[in-house]
Number of protein chains: 2
Amino acid sequence: MTTSRIPEATIARLPVYLRALTSMADSGASTCSSEHLAAVTGVSSAKLRKDLSHLGSYGTRGVGYDVAYLRYQITRELGLSQDWPVVIVGIGNLGHALASSSGFRSRGFSTVALLDADPARTGQEVAGLAIRPFADLTDVVVENGAGIGVITTPALAAQEVADAMVAAGIRSILNFAPAVLSVPETVLVRKVDLATELQILAYHEQRQGPGEEPVDDLLAGVAAEVETA
Amino acid sequence: MTTSRIPEATIARLPVYLRALTSMADSGASTCSSEHLAAVTGVSSAKLRKDLSHLGSYGTRGVGYDVAYLRYQITRELGLSQDWPVVIVGIGNLGHALASSSGFRSRGFSTVALLDADPARTGQEVAGLAIRPFADLTDVVVENGAGIGVITTPALAAQEVADAMVAAGIRSILNFAPAVLSVPETVLVRKVDLATELQILAYHEQRQGPGEEPVDDLLAGVAAEVETA
DNA sequence: GAGTGTGAACGTATTCACAGCC
DNA sequence: GGCTGTGAATACGTTCACACTC
């Protein structure tokens with residue numbers, strides 16, 4: 001335990017830093033400056049240094065950060081030193097995709113069960129796991145000590161699933177269904193909503209107007225680095 | 001055009017309000033208060049009113065908001081009165097799921113092409129569209145006047161795809177690949193990252209400790225409304 | 001009375017700029 | 001000289017509380 005309170009915005013960026021550091025380590029880099037890590041992750045160097053300062057003073061003035069050590073500290077802070085069992089409910093196209101996704105197989109998480117209320121799906125095997133009936137949720141959660149649940153059901157089923165997850169002991173929910181979930185305040189819900197993301201893009205499309213001409217030169221894509229202006 | 005600048009945080013919530021209003025309209029409600037809409041969407045009523053005030057004064061004091069009219073105004077503000085052509089590059093499990101997803105079929109968007117660099121995939125039909133070779137990108141974008149692109153490729157291919165999209169005239173990108181994209185500042189990129197979301201949940205799991213006991217009573221799930229304490 | 005719209009207060013996040021250390 | 005760590009300044013977002021309208 002370091003400083004017991006790290007800003008939410010910082011937490012959300014730590015995974016990005018972590019990924020970049022892992023990639024650097026794989027490339028054999030042993031040290032890196034805030035300037036470099038910031039450029040690679042698309043944030044400003046000042047923001048990066050502030051973020052890292054919340055974890056402690058792990059850099060060396062005049063030198064930079066030790067890649068391996070910083071990586072270890074972020075891993076530790078995020079709680080990724082141990083493995084977190086995850087259950088996924090709703091194995092349609094999206095649930096199927098997530099179960100097979102590299103995001104779930106990355107270090108720190110293991111999918112322990114796939115559940116679906118549709119009897120036609122139960123028994124089918126996806127990503128090496130047999131789909132089990134939704135009614136097995138509590139058993140599965142208790143047996144595996146799962147604390148994280150993913151909801152990839154239609155919107156109408158989402159609240160029922162969330163209630164069952166909470167009752168079973170799930171404390172963190174990642175919700176892909178376009179529904180607002182009500183849960184006890186001790187349970188954390190994060191929402192990923194495809195339609196919302198597209199609508200935000202539509203807003204910006206409308207604002208900057210569909211008037212711009214396409215850039216013909218492929219090299220133009222390299223012209224500007226994000227947040228380095 | 002109303003007030004030319006609406007806060008980013010507000011924009012991100014408008015789609016949620018829109019969905020709730022649509023659902024209310026379907027239920028036959030003709031009017032609603034900020035209190036009610038706030039409860040349904042999980043925000044505070046003060047925040048909701050401030051958000052809506054950025055669009056203009058569309059409410060009636062002592063009464064509330066006209067559901068249909070407010071819905072129309074939000075639709076208009078988000079630019080959803082017209083249809084936005086979307087191209088998806090990378091038709092693996094996730095791309096497949098998104099192409100079939102209701103999020104893309106919801107009013108305002110139409111998937112005009114699915115592209116993949118893998119010759120083994122081109123020609124296959126997904127959600128009623130034949131997968132085309134990645135090399136067709138520029139043609140497809142120009143022909144359909146597409147301004148929005150979705151990237152669901154592996155991380156290594158993402159930057160190349162983004163460059164090609166920008167060169168073809170795409171101005172808004174939704175990136176599902178775990179990679180930081182560099183694009184001209186005129187292009188908007190929004191990122192959805194599964195691994196990051198899970199890692200944020202892991203952080204909170206670790207903090208509140210895996211010590212809590214499961215709640216046995218199903219009804220406990222209904223105990224507390226989010227943000228209504 | 002009921003409920004919106006909004007200035008003012010508060011809290012959080014980002015940027016700046018530089019002191020301090022290697 | 002180079003680069004981190006951090007107070008101070010600024011920008012942004014949320015909450016409060018109430019004037020104003022129907």
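In what follows, chains are A, B, ... by sequence order, proteins preceding strands, each numbered from 1.
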(request) Check A:Ala155 against A:Ala177 and note the closest heavy-atom contact, atom names and distance. (result) CA-CB, 4.2 Å
(message) Would you say A:Thr10 and A:Asp51 are linked by a side-chain donor-acceptor pair, where the criterion is simply a distance under 3.5 Å?
(response) yes
(request) Identify the heavy atoms of A:Val183 and A:Ala162 that sit nearest to each other, and give their distance. (result) CG1-CB, 4.4 Å
(message) Using whole Å, what does the distance between atom C1' of nucleotide D:dC3 and atom NZ of A:Lys47 come to?
(response) 20 Å
(message) Would you compute the distance between atom CG of B:Leu174 and atom CG of A:Leu198 and round it to the nearest 0.5 angstrom?
(response) 5.5 Å
(message) In this structure, how many angstroms lie between the P atom of C:dT14 and the CD1 atom of A:Ile6, rounded?
(response) 14 Å
(request) Let me know, please, whether A:Pro7 or B:Lys50 comes out on the 5' side of the other along DNA chain C by nearest nucleotide. (result) B:Lys50
(request) Grab the CG-P distance between A:Asp66 and D:dT4 for me, whole Å please. (result) 13 Å
(message) Between P on D:dT6 and CG on A:Leu52, what's the gap in Å once rounded to a whole number?
(response) 12 Å
(message) Please give me the minimum heavy-atom distance between B:Val141 and B:Ala168, naming the atom from each residue.
(response) CG1-O, 3.4 Å
(request) Taking only heavy atoms on the protein side, list every residue of residues 19-29 of chain B lying under 4.0 Å from any atom of DNA chain C, sorted numerically. (result) none
(request) Over all heavy atoms of both residues, which pair between A:Gly59 and A:Tyr65 is shortest? Give the atoms and the distance, please. (result) CA-CD2, 3.4 Å
Under 3.5 Å between N/O atoms: give me all the protein pairs with nucleotides 1-3 of chain C, atom names plus distance.
unit_1, atom_1, unit_2, atom_2, d
C:dG3, O4', B:Gly62, N, 3.1

(message) Using whole Å, what does the distance between atom P of nucleotide C:dA13 and atom CG of A:Leu14 come to?
(response) 13 Å
(request) To the nearest Å, give me how far apart NE2 (B:His54) and P (D:dC12) are. (result) 12 Å
(message) For a quick test of reading the model, state the closest non-hydrogen atom pair linking A:Thr22 to A:Arg71 and the distance between them.
(response) OG1-NH1, 3.0 Å
(request) Kindly say whether the aromatic ring centers of B:Tyr69 and B:Tyr58 come within a distance under 6.0 Å. (result) yes
(request) To the nearest Å, give me how far apart CG (B:Leu70) and C1' (C:dT4) are. (result) 12 Å
(message) Can you measure A:Glu35 atom CD to C:dA17 atom P for me and round it to whole angstrom units?
(response) 15 Å
(request) Taking all heavy atoms of B:Asn175 and all of B:Val189, pick out the closest pair and write down the distance. (result) CB-CG1, 4.3 Å
